[in-house]
Amino acid sequence: QVQPIESGGGLVQAGGSLTLSCTASGPTFSSYDVAWYRQAPGKEREFVAFIGWNGSSANYADSVKGRFTVSRDNAVNTVYLQMNSLTPEDTAIYYCKAEHLYSDLFYWGQGTQVTVSS
């Protein structure tokens with residue numbers, strides 16, 4: 001099992017950048033794919049980005065492609081989401097989800113608020 005914890009959220013102006021971190025407490029973080037989701041007020045939770053267990057595979061929602069970059073460092077049990085060219089439409093609570101490679105178990109972080117002002 002892992003227990004993801006997000007950090008790095010905050011208030012940023014449109015056009016700015018922010019980097020989120022997702023750090024897991026367990027010793028087997030490399031056995032998990034990690035995905036980022038977000039949920040804005042009044043909207044359903046939506047997929048943002050995905051990175052495979054060894055960092056060799058990644059994909060993004062069309063709405064963030066070219067602006068966001070996901071990476072990971074398994075040595076420190078951390079996945080990052082670099083967000084550039086932010087717009088008010090990116091305002092949401094961002095969640096980290098660790099997905100086990102084979103068991104279909106998954107673990108959500110508590111979320112971190114990102115607010116982009118215009």
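Atom set for the values below is all heavy atoms of this structure, side chains included, hydrogens, waters and symmetry mates excluded. FYI, the numbering just counts along the sequence from 1. Small disclaimer: the values here were computed from a predicted structure and weren't measured.
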Test log, rule side chain to side chain contact (heavy atoms under 4.5 Å, CB included), inputs Thr69 and Tyr80: CA-CA 8 Å; Thr69 302; Tyr80 306 95; over 6 Å; no

- Item | Main-chain N/O of Val116 paired to Thr91 side chain as donor or acceptor, under 3.5 Å | yes

### Query
Can the positive tip of Arg72 be found less than 6.0 Å from the middle of the six-membered ring of Phe29, inside 45° of the ring normal?
yes

Leu81 and Val48 have their tightest heavy-atom pair at CD2-CG1, 4.3 Å

Worksheet item: Does any non-hydrogen side-chain atom of Trp36 lie less than 4.5 Å from one of Leu20?
Response: yes

- [ ] Answer whether the closest heavy-atom distance between the side chains of Phe68 and Asn84 falls below 4.5 Å.
- [x] no

dist Phe50:CZ -> Asn59:CG (nearest 0.5 Å) comes out at 6.5 Å

Separation between CG (Asp90) and OG (Ser85), nearest 0.5 Å, reads 9.5 Å

Q) Quick one: are Met83 and Val114 in side-chain contact, heavy atoms under 4.5 Å? A) yes

Measuring centre to centre across the rings, with the benzene-like ring taken for any Trp, is Trp108 within less than 6.0 Å of Tyr37?
yes

Donor-acceptor check, side chain of Gln82 to backbone of Val70, threshold 3.5 angstrom: yes or no?
no

Indicate yes or no: at least one non-hydrogen side-chain atom of Asp33 is less than 4.5 angstrom from one of Leu101.
-> yes

Problem set entry | Minimum side-chain heavy-atom gap Phe47-Arg38 below 4.5 Å | no

Here the pair of heavy atoms bringing Leu86 nearest to Val12 is CD1-CG1, 3.5 Å

Rounded to the nearest 0.5 angstrom, the CD-NZ distance for Glu6 and Lys97 is 13.0 Å

Check whether the side chains of Gln13 and Ser117 place a donor and an acceptor atom closer than 3.5 Å, and report yes or no.
no

* To do: Assess whether atom CD of Gln3 is packed by more than 12 heavy atoms of other residues, nucleotides or ligands within 6.0 Å.
  => no

Output for pair (Cys22 SG, Asn77 CG), nearest 0.5 Å, gives 10.0 Å

**Message:** With a 6.0 Å cut-off (strictly less than), is the heavy-atom count around CG of Asn54, excluding the residue itself, greater than 12?
**Reply:** yes

- Can the positive tip of Lys65 be found less than 6.0 Å from the middle of the six-membered ring of Tyr60, inside 45° of the ring normal? no

**Message:** In the structure I gave you, are the side-chain heavy atoms of His100 and Ser31 within less than 4.5 Å of one another anywhere?
**Reply:** yes

By side-chain hydrogen bond (donor to acceptor under 3.5 Å, both in side chains), Tyr32 pairs with (sequence neighbours left out) none

- Has Arg45 got its NZ or CZ under 6.0 Å from the middle of the six-membered ring of Tyr95, at an angle within 45 degrees of the ring axis? yes

Residues Ala40 and Ala92: closest non-hydrogen pair is N-CB, 3.8 Å

Between the CD atom in Glu44 and the CD atom in Glu46, the distance rounded to the nearest 0.5 Å is 10.0 Å

In terms of heavy-atom contacts, Ala24 and Val2 come closest through CB-CB, 4.0 Å

Answer with yes or no whether the hydrophobic clustering places Leu105 together with Tyr102; edges join I, L, V, M, F, W, Y residues whose side-chain heavy atoms lie under 4.5 Å apart.
no

Strictly distance-based, threshold 3.5 Å: is any side-chain N or O of Asn74 a donor or acceptor partner for the main-chain N or O of Val79? no

Rounding to 0.5 Å, atoms OG1 (Thr78) and CD1 (Ile5) come to a distance of 10.5 Å

